[in-house]
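The block underneath contains the structure these notes are about, expressed in structure tokens.
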Amino acid sequence: MKDLVAISPLWVSALTGLVAMALDLLTGSGRKSFLAWVVAIGLSLSAALGLALWRDPVILSFPSLVAVLHLDFHGAFFGALVALFGALAALLAVPHLPEQGIDEGETDALLAFSAFGGQLLVVAVDLITLFLGLEVLSLSLYVLAASRRSSPFGAEAGLKYFLLGGVASGLLLLAAAFLYGATGSLDLRTILDRLLAGSGGTDPTLAALALVLILVALGFKVAAVPFHFWTPDVYQGSPPPVTGYMAGAVKAAAFAVLARLLLTLWEVPAVAALGSRDVLLWLGILSVVVGSVLGVVQDDARRILAWSSIVHAGYLLLGLWAVEPREGIGGLWTLNGSVPFYLLAYGIASLGAFGALGVFARGGHEDYRLARLAGLGRGHPAATFVLMASVLSLAGMPPLGGFLAKFRLFQHVVAVDSPWSIPAVVIAVLASVVSLYYYLRILKVLYFDEPSEETAGHASSPAAAFAMAATVVASLVLGIVPTPFLDAGRRAAQGTVLAAGASLERVAAVATPSPAPVSAPVRFGEGVVPPDARRPAPPVPVQVIRDAVGGYRPPEAPLDQERRRAPDGARLMEVFRSPKARP
Amino acid sequence: MDWEWFAFGLLALLTLGGALAVVLPPFGRNPLHAALALLLTFTSLAGLMVMLQAHLVAAMQVLVYAGAVMVLFVFVVLLLNLRRQDLGDARVTPWKVVGVVAVLAFLGKAGTMLWAALPLLGDPASCVGREAEFGQTRAVAADLLTTYLVPFEVTSVLLLVAVVGALAIARRQRGGGAA
């Protein structure tokens, strides 16, 4: 029961999708807009529950949950991002969909399911669960991308995203198979422990190959060069609110899981030696340069924003490259705190931009070429203001959230001890100057060009107006009072590396004078060990665990070497997870 | 040479050969031939599963993939009734060349790395989880309902999304005409 409460953020969002589908059946056509509110409220509730319940790492007791989930603030933060972006997208889609003949509740239900997938993805530590989360997230989006059924662009977007996404998923599965082959486990914590212990036929080479495949698969999801070819077409063909969600939520979830997988595997020296971290640097620089240069020659507002999303993926990869040493548990790296904040600021700005862009559709015909947008700013002052605020935040202008996010991220990149850190930042800054050109071009066209012909926008709706106002307010808040969000981002980043979960046990074992009671050999699936066995010394554990996360380091035992030597943790975790381990 | 290695080599060759035949000419040019080549891959894969003691997975592979999925493929191919000229000409584009080179480079790199690491791989008998019941229905079911209960349930959400999505895309549009 306690566990049911602990995982409530997950089932609340899945339930939201089911409720939306059920209500869809009960309501007549033309009155579906309240479904968006249902989904928005459900997903917001889920986000709030996550932030409230998962402040500290949750100790689950139901074995099936223990085996696949790791609930901590990392999951809470990124899950909340996905859920909130889903809520905003549902509201933004309200005035947009009826014109496309999409007067059904399935958009709302699919958004809720997709958010559920994203939330599951960021808390999963089991590769099967992780893959299923990614598939639920993506499958819903494939359908949403294709939801403009009347338009060939919609079909192209859906098909392209589906086929390439399928290949990416296949590569991720192959990576999971390699990891299983290397270690005989699908659990990230066990995988790490076995690789560190180097026992039982583990093979760092296979793990390094898996790392490359993970990078390719998730590089596709976040639209990093050279896995970006789908991005402009899909962003152009999907309904704008869906595109905003695709940009914000998928990036948030995919970066969270990419950081977790890569940094966890890089804990192992042998794997880190085979698959160097600098590949992130090169992918990041490539994305930044290619995205900003090719964005200049586009003449469709959505394609411009698509290239901008590639540039942002590049910045984020640089941020991921700029890991910082994790306090306390020796010698390990963790995500720096600017990346979660950046994902928050970027997602909000991109939802605002695409949401506002959706207002300029000409009755049924979606045309966002800059020539058609000329002068529309005068007819739709509110939407244009939202677009301006969002685009300026994307460009990184103070006092909006995007400025601070970019600033912090560059600070972290500069601080990296590498000959490439300064050149990387110089290139990134130059690229943001180049991309400023196309951001400002959209605004110039909207405000200063003469209208080419009579154009009509959507009838606005209170839901979309509310969501757009919310994005602008959020961008301003992130820029003006960023401290709580930066702190939250830092906390979320601290939980990235999964060793935390596994090595907590290890820390408890090392900090205790005699870890003897638990080091008895226990084979997987056998042995009846009382649940308390995972806490060797009753007075120490919880506080030690807290201290360890917050900077505790036993003076006499260098934990780093201790971790690498002791194989106990692996067995310990198996007992911990084994369903039969409970009397 | 061990018979087990011989059987493995044969099945692996058939699996990979079938998979290549699906996409490469001459079979790949004809959708029906490609489907038949895929059938070869599916069946050989089932053979590999049997060699791994995963009898349940092998049976599922035959029933679901070689049976149901393949029937569906052939059905769709016949329904679409594509002629050769509909498919366009086989062209060698620069991107295809880049793709082939990239794949070969990855395979070469991965192959050399794995070859070098081959002695590191432990004795298969020592693999964790190889209990007596490994791969049998009972063991798989026990895992599905204990360790992997969450993914098992999430699969139902995934299938629901797939059904809703398929309906949403395939359904006729309201208020006029077929989609």
Side-chain angles (χ1 to χ4, degrees), chain A residues 7 14 17-18 21 29 62-65 67-69 101-104 106-107 109-110 113-114 116-117 120 124 126 128-129 131-133 135-136 139-140 142-144 146-147 149-150 158 181 183-185 194 199-206 208-209 212 274 523-525 574 577-580, chain B residues 95 98-99 102 106-107 109-131 133-134 139 142-179:
Chain A
I7 60 161
L18 291 176
M21 277 170 56
S29 147
F62 188 55
S64 301
L65 294 176
V68 296
L69 298 182
I102 316 173
D103 182 28
E104 312 294 336
E106 74 247 356
T107 309
L110 286 173
F113 284 132
S114 155
F116 163 72
L120 185 70
D126 168 76
I128 294 181
T129 315
F131 178 74
L132 281 170
E135 280 302 282
V136 173
L139 201 59
S140 317
Y142 302 147
V143 179
L144 288 172
S147 59
R149 276 170 295 165
S150 51
T183 60
S185 171
R194 292 211 179 131
S199 61
T202 54
D203 178 9
T205 316
L206 275 175
L209 284 178
V212 173
L274 288 167
R523 278 196 48 211
F524 184 70
E574 275 162 19
R577 269 190 306 281
S578 162
K580 292 177 198 160
Chain B
W95 282 120
V98 172
F106 177 77
L107 288 181
K109 180 75 182 162
T112 47
M113 280 167 81
L114 288 181
W115 187 255
L118 210 53
L120 282 178
L121 284 174
D123 176 17
S126 75
C127 277
V128 186
R130 288 290 290 269
E131 290 117 16
E133 286 192 338
F134 180 82
D143 263 354
L144 272 187
L145 294 177
T146 55
T147 317
Y148 297 112
L149 182 64
V150 175
F152 184 63
E153 296 299 334
V154 173
T155 311
S156 57
V157 178
L158 185 66
L159 291 177
L160 180 68
V161 169
V163 170
V164 172
L167 281 178
I169 289 180
R171 190 183 45 198
R172 284 160 192 277
Q173 284 191 351
R174 290 228 171 143

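Letters go in sequence order (proteins before strands), and every chain restarts at 1. Keep in mind that what you see is a predicted model, and the values were worked out from it rather than measured.
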Shortest non-hydrogen contact from L132(A) toward P151(B): CD1-O, 3.2 Å
To the nearest 0.5 Å, what is the distance between CZ (F131(A)) and CG (L158(B))? 8.5 Å
Taking atom CG of L65(A) and atom OG1 of T147(B), what is their separation to the nearest 0.5 Å?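 The CG atom of L65(A) sits 12.0 Å away from the OG1 atom of T147(B).
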Residue of the set L159(B), V161(B), V157(B) for which side chain to side chain contact (heavy atoms under 4.5 Å, CB included) holds with L139(A):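 For L139(A), the side chain to side chain contact (heavy atoms under 4.5 Å, CB included) test succeeds with only one of L159(B), V161(B), V157(B), which is V161(B).
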Check whether any side-chain heavy atom of V164(B) sits under 4.5 Å from a side-chain heavy atom of V143(A), and report yes or no.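 Not touching, per the 4.5 Å side-chain cut-off.
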Check: L167(B) and E106(A) side chains under 4.5 Å, non-hydrogen atoms: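 No. Closest side-chain heavy atoms not under 4.5 Å.
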Checking [X] against chain B: side chain, backbone, both or neither under 4.5 Å from a heavy atom?
X       : value
L144(A) : neither
I7(A)   : neither
L110(A) : side chain

Between M21(A) and L160(B), is the side chain to side chain contact (heavy atoms under 4.5 Å, CB included) condition met? List the steps. CA-CA 11 Å; M21(A) 277 170 56; L160(B) 180 68; 4.2 Å; yes
